[in-house]
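One is the number of the first residue; the rest follow in order along the sequence.
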Amino acid sequence: MPITLFNSIASWLLKKRYHQIELFLKYPEEVQEEVLLQLLEFAEDTEIGRTYDFESIASYGTFKERVPIVSYEEIEPIIERTRKGEQNLFWPTKVKLFAKSSGTTNAKSKFIPVSGEALEDCHYKSSKDLLCLYLNNNENSQLFTGKSLRLGGSKELYEDNGSFFGDLSAILIDNMPLWAEYSSTPSNKVSLMSEWESKLMAIIHESVQENVTSLAGVPSWMLVLLNKVLQETGKENLFQVWEHLEVYFHGGVNFSPYKEQYKNILPKSDFNYYEIYNASEGFFAIQDRNNADDLLLMLDYGIFYEFIPMQTYGSLREDVVPLWEVELGVNYAIVITTNSGLWRYKIGDTVRFTSKSPYRIKVTGRTKHHINVFGEELIIENAEEALKLVCQKTGAEIKDYTAGPVFMVNKEKGAHEWIIEFRTMPNDMDTFIRVLDESLKSLNSDYEAKRYNNITLNMPIVHVARKNLFYDWLKANDKLGGQHKIPRLSNKRDYIEELLQLNL
């Protein structure tokens with residue numbers, strides 16, 4: 001098929017989907033209630049369905065009263081039974097694919113079920129919706145006259161007792177529809193290579209010859225690839241390699257710390273950045289406007305959403321609300337019920353609503369990725385914004401960072417200890433630390449209170465990381481590429497101690 005004809009047909013089909021999106025924009029509560037009742041009806045004859053008598057549940061209120069909220073540890077036994085061959089336990093159709101994730105809070109592997117329904121009605125549907133929303137906002141786009149350079153996981157799928165597991169990106173690539181494979185580079189063979197550094201060179205070899213019009217991948221790893229492209233080609237910016245490049249679809253980590261670095265290698269004021277929010281458990285939200293910093297929550301992917309205000313999370317007064325009861329500006333932990341058989345499952349992410357008409361969110365962090373040893377409730381959103389401010393004021397540029405607590409010992413006050421790898425060093429580290437502290441105070445009243453007159457917390461401690469410290473740490477832990485991320489904040493000192501040892 002000629003590429004221009006493919007572009008026209010694809011654009012027409014994707015724009016048609018926008019009318020369906022408008023339905024849940026107009027009737028969000030009704031769409032979400034319908035999703036829940038369909039999931040319950042479909043799974044009523046499963047083991048879980050019989051345990052909680054799904055057949056008799058006719059409202060959200062009954063569902064909330066009867067079905068408990070769970071963590072991965074609580075459902076691991078039933079997932080393991082499915083991985084060993086039992087079926088119809090938590091989902092009626094055969095589940096043989098599992099997205100393996102080590103998680104970011106412990107080393108134990110998680111195996112998240114991925115049903116055929118989730119593949120089709122969530123993950124692949126979301127990919128089409130991302131393009132649909134982009135094209136709706138950019139009518140002169142020539143996206144399909146070229147290919148998308150995708151950067152996915154670096155592990156192939158493995159078989160165990162008739163089931164298959166691996167990175168979610170490996171599952172998606174291995175089951176990719178023909179239209180997506182036709183419009184992507186590199187080849188599936190290269191995309192699934194397991195050795196990261198060899199894979200980089202193979203991607204470059206295949207992709208620099210293509211007419212790449214879009215990029216898709218996690219910002220940290222994509223930046224490594226793109227800088228390598230410039231190094232290998234001897235070009236000054238990416239438009240000298242791919243003239244018609246027009247958009248970067250990104251997700252997985254906060255983009256703010258990387259944005260200036262991308263602008264340096266993509267020096268066009270009209271270049272587009274579009275953010276997505278997905279995980280092994282599902283695809284949740286998509287940026288639906290040019291130059292926006294929030295994401296549209298997608299309500300018709302077979303996922304029913306609930307939210308726990310972080311003020312009550314994990315306490316005896318923990319409360320749970322459906323979508324139609326959320327409030328703006330509140331930090332919530334997400335609970336999902338999905339078409340892969342996850343029932344009221346805590347995924348560990350936190351979000352804040354910026355709009356209720358339609359429902360738009362900002363991802364604020366992880367339920368376990370914060371520092372609250374001293375009651376300061378420092379979340380990733382605070383840390384990212386503070387670092388952005390301090391870089392603007394000091395001229396520094398940050399490549400990677402992590403932070404953890406210094407515990408009180410022998411009546412010594414506590415502190416936050418940071419390890420920061422700079423791309424551009426600040427002129428004066430004392431000024432950098434002072435401005436970081438002031439920025440955190442301005443963004444977080446709990447932190448400010450604990451820092452008042454050094455009542456609980458002393459000034460932050462900042463270590464300058466040697467070049468490639470975080471890359472070497474990921475490599476030592478077999479976490480290069482894919483969805484692997486640097487743990488930004490932690491209530492423990494495990495990451496800090498490991499990195500300080502490597503930094504000697």
Side-chain angles (χ1 to χ4, degrees), residues 6 10 95-102 109-131 143-144 146-160 163-210 212-222 224-226 247-253 274 276-284 286 301 340 478-485:
F6 180 78
V95 178
K96 63 176 183 177
L97 296 171
F98 295 85
K100 183 183 178 185
S101 168
S102 61
S109 293
K110 296 180 180 179
F111 294 90
I112 305 299
V114 182
S115 70
E117 289 80 7
L119 269 181
E120 200 61 41
D121 299 331
C122 181
H123 293 290
Y124 292 137
K125 185 177 181 179
S126 62
S127 298
K128 289 180 279 189
D129 283 355
L130 172 61
L131 300 176
L143 197 66
F144 289 112
K147 294 193 173 185
S148 174
L149 171 55
R150 65 187 182 204
L151 182 60
S154 55
K155 296 291 172 91
E156 64 271 22
L157 292 179
Y158 301 91
E159 185 175 0
D160 182 27
S163 67
F164 299 84
F165 65 89
D167 288 354
L168 175 66
S169 55
I171 290 173
L172 297 181
I173 290 169
D174 198 58
N175 294 275
M176 184 179 290
L178 285 176
W179 68 267
E181 186 174 351
Y182 178 77
S183 59
S184 302
T185 187
S187 63
N188 285 7
K189 180 181 178 182
V190 168
S191 292
L192 295 173
M193 286 176 65
S194 41
E195 205 284 305
W196 168 251
E197 288 164 340
S198 300
K199 175 180 175 176
L200 277 187
M201 295 309 298
I203 291 174
I204 293 169
H205 176 74
E206 283 195 7
S207 300
V208 293
Q209 309 301 323
E210 298 282 0
V212 173
T213 54
S214 66
L215 308 169
V218 176
S220 51
W221 295 115
M222 180 62 78
V224 173
L225 169 63
L226 297 179
V247 60
Y248 172 32
F249 301 111
H250 62 86
V253 298
Y274 261 62
I276 62 171
Y277 171 31
N278 67 330
S280 297
E281 294 87 352
F283 199 115
F284 309 128
I286 299 171
Y301 287 176
S340 277
D478 193 28
K479 291 180 180 289
L480 288 181
Q483 301 294 315
H484 298 301
K485 310 160 197 170

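Nearest heavy atoms, I286 versus S126: CD1-O, 3.7 Å. In terms of heavy-atom proximity, F98 sits nearest to I171 at O-CD1, 3.4 Å.
Each of L168, L172, L119 was compared with L97 under the side-chain contact (heavy atoms from CB on, under 4.5 Å) criterion, and only L119 meets it.
Between the side chain of R150 and the backbone N or O of P186, at least one donor-acceptor pair lies under 3.5 Å. S340 contributes a side-chain N or O that, together with a main-chain N or O of S115, makes up a donor-acceptor pair within less than 3.5 Å. Under a 3.5 Å cut-off, the side chain of K199 and the backbone N or O of S191 do form a donor-acceptor pair.
S280 is linked by a side-chain hydrogen bond (donor to acceptor under 3.5 Å, both in side chains) to nothing, counting only residues two or more places apart in sequence or in another chain. In this structure, D121 has no side-chain hydrogen bond (donor to acceptor under 3.5 Å, both in side chains) partners at least two apart in sequence or on a different chain. With sequence neighbours left out, the ring-ring contact (aromatic ring centres under 6.0 Å, His included) criterion links H123 to no other residue. For E120, there are no side-chain hydrogen bond (donor to acceptor under 3.5 Å, both in side chains) partners, not counting sequence neighbours. The ring-ring contact (aromatic ring centres under 6.0 Å, His included) test applied to F249 returns Y134, not counting sequence neighbours. F283 is linked by a ring-ring contact (aromatic ring centres under 6.0 Å, His included) to nothing, counting only residues two or more places apart in sequence or in another chain. A search for side chain to side chain contact (heavy atoms under 4.5 Å, CB included) contacts involving T213 returns L143, T145, N211, H244, not counting sequence neighbours. For T185, the side-chain hydrogen bond (donor to acceptor under 3.5 Å, both in side chains) partners two or more places apart in sequence, or in a different chain, are S207. E210 meets the salt bridge (charged side-chain N to carboxylate O under 4.0 Å, His left out) test with K147; sequence neighbours excluded. Qualifying side chain to side chain contact (heavy atoms under 4.5 Å, CB included) partners for L225, counting only residues two or more places apart in sequence or in other chains: L149, L151, L200, I203, I204, M222, V229. Evaluation of the ring-ring contact (aromatic ring centres under 6.0 Å, His included) rule for Y301 yields no partner, not counting sequence neighbours.
With rounding to the nearest 0.5 Å, the separation of OG in S148 from CG in L131 is 8.0 Å. Here the straight-line distance linking atom CZ of F164 with atom CD of E159 works out to 4.0 Å at 0.5 Å rounding. Taken from CD1 in I276 to CG in L130, the straight-line distance is 6.5 Å, to the nearest 0.5 Å. Once rounded to the nearest 0.5 Å, the distance linking CE of M201 with CE of M193 reads 10.5 Å.
Taking the side chain as every heavy atom from C-beta outward, H205 and V190 never approach each other to under 4.5 Å.
K125 NZ: more than 12 foreign heavy atoms inside a 6.0 Å radius.
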